[in-house]
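Step one of this worksheet: look at the structure below.
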Amino acid sequence: MKRSKLVTVLMIVCFLAIVFTAKPGPVAAAKRHITIAAGWVTGVYFPLSGAISRILYKKSKDLRATVESSGASKANALAIRSGDVDFALLQNDVAYYAYTGTSLFKGVGKVPNIRGVMCIYPETIHIVQARGVNAKSVADLKGKKVAVGPLGSGTEFNTKQIMEIYGLSFDDLAKAERLKAEEALDYLKDGRIDAGFFTTGVGNAGITNLAIEQKGIEFIPVPPSDVAKLKKKYPFYAATVIPKDAYTGMKEDVQSATVLAMMAVRAEVEDELVYNLLSSVFENINMFYSAHKMARNLTLESALDGMPIPLHPGAEKFFREKGVLK
Ligand code: GLU
């Protein structure tokens with residue numbers, strides 16, 4: 001045998017020996033990475049999703065979560081449809097419209113694979129006005145420059161529906177701006193817009209900062225009689241108040257409307273994974289509560305109140321075992 005041939009044969013023999021005698025090393029437990037679509041960096045979905053990610057990191061052996069910021073509810077529903085994310089936080093009204101392809105989802109079609117995980121806290125319509133605008137009612141926004149909600153937000157739906165109750169559409173505004181939430185708050189501070197709508201948990205960090213910087217904040221109220229009209233057409237709303245101690249410099253409670261923030265998941269995600277996420281959150285509920293004041297609204301007993309879409313089977317199993325679902 002020629003020398004070069006011998007070398008080749010030896011190499012093959014060695015390779016086969018390694019392949020056939022190598023023992024598998026210790027197998028690391030496979031970690032499953034999930035993504036959670038949150039919302040605005042200055043919002044409430046973001047710290048709450050961060051808390052879930054921390055809980056999984058510290059307490060779950062096999063689950064890890066990445067949190068993504070977004071325009072929020074509508075964008076998140078569409079990200080579930082396309083499979084770009086596994087879990088998402090979004091408004092319960094938007095989840096319903098997405099699942100059924102109705103109302104403001106007529107144009108983009110159904111999100112047939114969106115499933116419920118849990119409802120978390122009330123999200124209140126905050127209509128902030130710039131200093132000196134002195135609007136007493138949404139009707140006074142006619143001809144004004146208004147941030148109607150970020151692109152892909154649920155807020156934009158709420159703005160449209162609320163303005164409709166006052167006989168207004170976006171065409172009646174001098175300008176309907178689709179700014180990011182943090183930009184809208186900056187524009188309000190500088191008086192570059194007259195008002196901005198934000199459907200978010202009371203105690204939203206961006207609004208809190210604006211109130212501190214301006215030493216006060218002015219909201220436009222939506223009185224209960226108008227919330228009743230709204231509810232008649234769009235049943236997800238309820239009347240509420242933004243309490244006067246919520247933000248710096250408020251003089252009194254402000255009447256407004258509320259929907260709910262919930263968590264949803266792609267139907268294709270394994271049952272066990274959804275079940276494990278819920279178990280981790282409820283077993284470490286104090287870690288969740290410490291993320292934001294709004295997180296404290298989550299309890300086992302109330303987690304299914306206001307759920308507008310079918311539950312994911314993993315969530316169904318969890319809530320049945322806890323006796324919440326009969
Ligand atoms: N509810 C908001 C929206 O979908 C997002 C709020 C948040 O990120 O806290 O428009």
Side-chain angles (χ1 to χ4, degrees), residues 29-39 44-68 70 72-73 75-96 98-100 110-121 154 260-289 291 294-295 297-326:
K31 287 194 177 45
R32 176 67 204 272
H33 284 261
I34 54 166
T35 41
I36 306 175
V44 182
Y45 296 175
F46 205 69
L48 261 52
S49 303
I52 294 176
S53 169
R54 267 195 308 284
I55 290 171
L56 295 178
Y57 184 75
K58 292 202 170 145
K59 305 287 180 186
S60 153
K61 285 192 300 297
D62 47 8
L63 265 182
R64 296 291 177 267
T66 309
V67 176
E68 292 175 9
S70 72
S73 297
N76 292 356
L78 295 176
I80 289 227
R81 180 165 76 185
S82 62
D84 285 338
V85 300
D86 300 310
F87 289 83
L89 270 82
L90 79 169
Q91 295 173 201
N92 71 335
D93 53 342
V94 177
Y96 177 79
Y99 179 70
T100 52
K110 283 185 188 185
V111 179
N113 65 335
I114 188 167
R115 296 290 179 276
V117 178
M118 58 180 165
C119 290
I120 311 179
Y121 63 93
L260 284 178
M262 61 172 279
M263 184 177 227
V265 65
R266 266 189 313 125
E268 299 80 4
V269 169
E270 304 92 290
D271 297 0
E272 200 191 320
L273 212 146
V274 177
Y275 180 93
N276 287 350
L277 180 138
L278 279 169
S279 310
S280 299
V281 169
F282 281 98
E283 277 165 21
N284 300 285
I285 196 77
N286 285 329
M287 278 177 80
F288 185 72
Y289 285 169
M294 281 298 116
N297 287 285
L298 177 65
T299 63
L300 264 180
E301 296 66 34
S302 66
L304 298 182
D305 295 347
M307 176 58 71
I309 55 172
L311 276 183
H312 188 283
E316 209 176 301
K317 178 167 177 253
F318 177 80
F319 288 110
R320 214 174 279 287
E321 273 179 24
K322 296 290 173 203
V324 178
L325 205 63
K326 302 283 181 247

Closest contact, heavy atoms only, [X] versus [Y]:
X: I36; Y: A65; result: CD1-CB, 4.0 Å
X: A38; Y: S49; result: CB-OG, 3.6 Å
X: Y121; Y: M294; result: CB-O, 3.4 Å
X: P310; Y: Y99; result: CG-OH, 3.4 Å
X: M262; Y: P308; result: SD-CD, 3.6 Å
X: V44; Y: P47; result: O-CD, 3.3 Å

Once rounded to the nearest 0.5 Å, what's the spacing between atom [atom1] of [X] and atom [atom2] of [Y]?
X: S60; Y: L277; atom1: OG; atom2: CG; value: 8.5 Å
X: M118; Y: L300; atom1: CE; atom2: CG; value: 10.5 Å
X: I114; Y: L90; atom1: CD1; atom2: CG; value: 5.0 Å
X: Y45; Y: L89; atom1: OH; atom2: CG; value: 6.5 Å
X: L325; Y: F318; atom1: CG; atom2: CZ; value: 11.5 Å
X: R266; Y: R81; atom1: CZ; atom2: CZ; value: 14.0 Å

Got a donor-acceptor contact below 3.5 angstrom from the [X] side chain to the [Y] backbone?
X: N113; Y: I80; result: yes
X: R115; Y: A264; result: no
X: N92; Y: G306; result: yes
X: S280; Y: L56; result: no
X: T35; Y: D86; result: yes
X: T299; Y: S302; result: yes

Please tell me if the side chains of [X] and [Y] come closer than 4.5 Å, counting only heavy atoms from C-beta onward.
X: I285; Y: L298; result: yes
X: M263; Y: I52; result: yes
X: I309; Y: M307; result: yes
X: V274; Y: F87; result: yes
X: L304; Y: L311; result: yes

Can you check side chain to side chain contact (heavy atoms under 4.5 Å, CB included) on D271 and H312, steps first, answer last?
CA-CA 7 Å; D271 297 0; H312 188 283; 3.3 Å; yes
Do other residues, nucleotides or ligands put more than 12 heavy atoms under 6.0 Å from the CD atom of E272?
no
CZ (F319) with more than 12 external heavy atoms under 6.0 Å:
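Yes, enclosed.
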Among E316, E321, K317, which one satisfies side-chain hydrogen bond (donor to acceptor under 3.5 Å, both in side chains) with Y275?
E321
Sorted by chain and number, sequence neighbours left out, ring pair (Phe, Tyr, Trp, His ring centres under 6.0 Å) with F288 holds for none
